[in-house]
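Note on naming: letters A, B, ... go to the chains in the order of the sequence lines (proteins, then strands), and numbering restarts at 1 for each one. In this text the structure is predicted, and so the values were computed from the model without any measurement.
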There are 2 protein chains.
Amino acid sequence: MISRRSRPAKQPLSRELIVKTAYELLKEHGIEGMSMRKVAKALDTGPASLYVYVNNVQELSAYVLDYGLGQMVYPDSKDSTWKEQLFDLLHTYFLLLFEKPGLAEISLSTIPQGTNFLQLTERILAALHEGGIKSTSAAWGVDLLLLYVSSVAYEKVSWKKQGSSQISDAKKAFLQADKTQFPFIHRVKEEMFAGDTVSMERFRWGIDVILYGIQQEDN
Amino acid sequence: MISRRSRPAKQPLSRELIVKTAYELLKEHGIEGMSMRKVAKALDTGPASLYVYVNNVQELSAYVLDYGLGQMVYPDSKDSTWKEQLFDLLHTYFLLLFEKPGLAEISLSTIPQGTNFLQLTERILAALHEGGIKSTSAAWGVDLLLLYVSSVAYEKVSWKKQGSSQISDAKKAFLQADKTQFPFIHRVKEEMFAGDTVSMERFRWGIDVILYGIQQEDN
DNA sequence: ACCTGAACACCGTTCAAGT
DNA sequence: ACCTGAACACCGTTCAAGT
C-alpha cells in the first residue's frame with residue numbers, strides 16, 4: 001500500500017523545517033496562516049509533534065521573524081553618509097516587514113530569536129558609531145529606531161488590509177472633532193493623515209527626528 | 001421561582017455597560033479575561049448578545065481603551081515648562097497602560113474609539129504648540145510620542161509577566177554574542193539592558209530624544 | 001527520543017428562532 | 001429591535017499510547 005502525496009517524500013521533522021514551513025505559510029496567508037495546527041498540517045502531522053522542537057507559538061514566532069530577517073538583502077551604501085546608510089538599512093527592514101504580511105505584527109510584540117537579529121543590530125550600531133554616537137545613546141537608540149520601523153510597518157499593513165472600517169472610523173473622529181472643544185486638533189487634522197500613503201516622506205521624518213534627537217541627547 | 005444572583009438586578013444591555021464590564025474584566029485578569037464569551041458570561045448572557053452593540057472584538061477593545069483613558073487623572077502642571085508638562089502627561093498615560101495589564105497591549109494595535117483619546121491628543125498638541133512646534137511636526141509628533149509610550153509600557157508589562165523565559169533568552173543572546181563577529185554589540189551589551197527596571201531614566205531619555213528631534217526637524 | 005491521535009479547554013462569529 | 005442557545009469553524013497545549 002503505497003500512499004501518494006502531493007508533497008515530496010517526507011523529511012524528518014526539525015526546528016529548521018518547522019520554522020521554514022511556518023514562514024512560508026505566513027508569507028502566503030499572513031499571521032492567521034501560521035497557527036500550530038496549520039503548520040503541523042502542512043508538515044503532514046499532528047500539532048503535538050511541533051512541541052518537541054518549539055515550546056509554544058510565541059517561540060515559533062520569534063524564530064520565524066528571525067528567519068525572515070535572514071531573507072533581508074542589505075543595501076550596499078559604502079559611499080553615503082552614516083545617516084543615509086542607516087536610513088537605507090532601516091528602509092530595507094521596513095520593506096521586509098511591510099511585504100510579508102504578519103511579520104510586522106510579530107515584530108511589534110516579539111524579540112526575534114536568532115543570529116539574524118544580532119546581525120541587523122550590529123549593522124545599526126556600526127552606523128551609529130560612525131556617526132560618533134556614544135555607547136549608551138547607541139544602545140538605547142537601536143531599540144527606538146527598530147521600534148519605530150516596526151510600528152510604522154504595522155500601521156501601514158493594517159491600513160492596507162481594511163481600507164474602510166477600523167481606521168477611517170478613527171480618521172472620521174479626528175476630522176469631525178468639535179472646533180471649540182478641540183481647537184488644536186482642528187488646526188492640524190489634515191496634517192495628521194498626510195504622508196500616510198505610499199510616500200516615504202513621513203517615514204524619513206521619523207528617522208530624522210530620532211537621529212537628530214540622539215545626537216543632541218548624546219552631549 | 002426567584003433566582004438569586006450575586007450580581008444586582010440585571011440591567012438592560014447597552015454598549016456602555018458592555019464596555020465597562022469588559023474593562024473591569026481586563027483590569028482584573030488582563031487581556032485574556034476580556035474575551036467576548038467571558039464578557040457575555042459576566043453580563044449573564046450569551047456571546048451573540050454583544051454583537052448588537054459592538055461589531056467585533058477589535059471594536060470592543062478600541063472602546064475599552066478609550067474608557068480606560070477616561071480614568072486618567074491629568075496632572076496639574078501649569079507652572080512648569082512645556083516639556084515638563086508634556087513629560088508629566090505622557091508619564092501619566094504610561095502609568096495607566098502599565099498598571100492595567102492588557103491596556104498596553106491593546107494600545108499598540110488599536111486606535112482608541114472615543115472622545116477620551118481626542119482629549120489626550122488635544123492636550124499633547126497644546127503643549128507642543130506652547131513649545132512653538134509647527135503644525136505638521138506637531139501632528140506627526142503626537143503619533144510618535146504616543147507610540148513610544150505604548151511600546152515602552154508594553155515592553156515593561158511583558159518583562160514583568162515572565163521574568164525568565166522569553167526576554168532573558170534574548171538578553172542572553174546579546175550578552176553572549178561573539179566578540180569578533182559582533183564587536184559593536186559586545187561593546188554596548190550592558191548598556192542595552194540598563195534602565196530597564198523601575199527607574200524612569202530611559203523613559204525620559206526617549207521623550208527627550210523625540211522632543212529635541214522634533215524641534216530640530218521643525219526648522 | 002521522537003512521534004502522534006485524541007482530548008481538553010478554550011476562542012470569535014453567525015444562524016435561526018424566539019420575544 | 002433586541003435577545004439568545006446552539007452551532008460552526010477554529011485555536012494552543014497536554015496526555016497517553018505508540019515506535
Measure the distance from CE on B/M34 to P on C/dC10 and round it to the nearest whole Å. 17 Å

Spacing of A/I18 atom CD1 relative to C/dT4 atom P, expressed in whole Å: 11 Å

Return the value, rounded to whole Å, for the distance between atom CG of B/L50 and atom P of D/dC2. 14 Å

If you take all heavy atoms of B/A40 and B/L50, which pair is closest and at what distance? N-CD1, 4.0 Å

Among C/dT13, C/dG5, D/dT13, the one nearest any side-chain atom of A/A48 is C/dG5

Let me know the distance between CG of B/L13 and C1' of D/dT4, rounded to the nearest Å. 11 Å

Looking only at C/dC2, C/dT13, D/dC3, the nucleotide nearest the A/V52 side chain is C/dC2

Provide the distance between the two P atoms, one in C/dA9 and one in D/dC10, to the nearest whole Å. 22 Å

Counting only side-chain heavy atoms from C-beta out, which of C/dA7, D/dT4, C/dG12 sits nearest to B/R37? C/dG12

Are B/D88 and B/R123 close enough for a salt bridge, meaning some N to O gap below 4.0 Å? no

If you look at every strand shown and take non-hydrogen atoms under 4.0 Å, does B/S35 touch a base, only sugar-phosphate, or nothing? sugar-phosphate

What is the distance, rounded to the nearest whole Å, between atom CD1 of B/I31 and atom P of C/dC11? 13 Å

If you measure from the C1' atom in C/dA17 to the same atom in D/dC2, how many Å do you get, rounded? 13 Å

Rounded distance (Å) that lies between atom C1' of C/dT13 and atom CD of B/E59: 14 Å

Using only side-chain N and O atoms of B/Y51, determine if any of them is under 4.0 Å from OP1 or OP2 of D/dC2. no

Please tell me if B/T45 has a side-chain N or O lying less than 4.0 Å from either OP1 or OP2 of D/dT4. yes

Less than 4.0 angstrom between a side-chain N/O of B/K38 and OP1 or OP2 of C/dC11, yes or no? yes

Euclidean distance, atom CE of residue B/M36 to atom C1' of C/dC10 [Å, nearest integer]: 16 Å

Residue pairs meeting ring pair (Phe, Tyr, Trp, His ring centres under 6.0 Å), one or both in residues 19-53 of chain B, sequence neighbours left out, come to B/Y23-B/Y67

Specify the closest pair of heavy atoms between A/T21 and A/V39, including all atoms of both residues, with the distance to one decimal. CG2-O, 4.3 Å

Of the non-hydrogen atoms in A/I111 and A/A62, which two are nearest, and what is the gap between them? O-CB, 3.5 Å

Specify the residue among B/V57 and A/S14 whose closest nucleotide of DNA chain C lies further upstream toward the 5′ end. A/S14

So which heavy atom on B/V209 is nearest to which on A/I214, and how close? CG1-N, 3.8 Å

Please report, rounded to the nearest Å, how far the P atom of C/dG12 is from the CG atom of B/N55. 15 Å

Heavy-atom closest pair, residues B/K27 and B/P101: O-CD, 4.0 Å

Base-pair map of DNA chain D as dot-bracket, where | denotes pairing with a different strand and pairs are Watson-Crick or G-U under 3.5 Å: ||.|||||...|||||.||

Rounded to the nearest 0.5 Å, what's the gap from CZ on A/F184 to OG on B/S135? Could you check? 11.5 Å

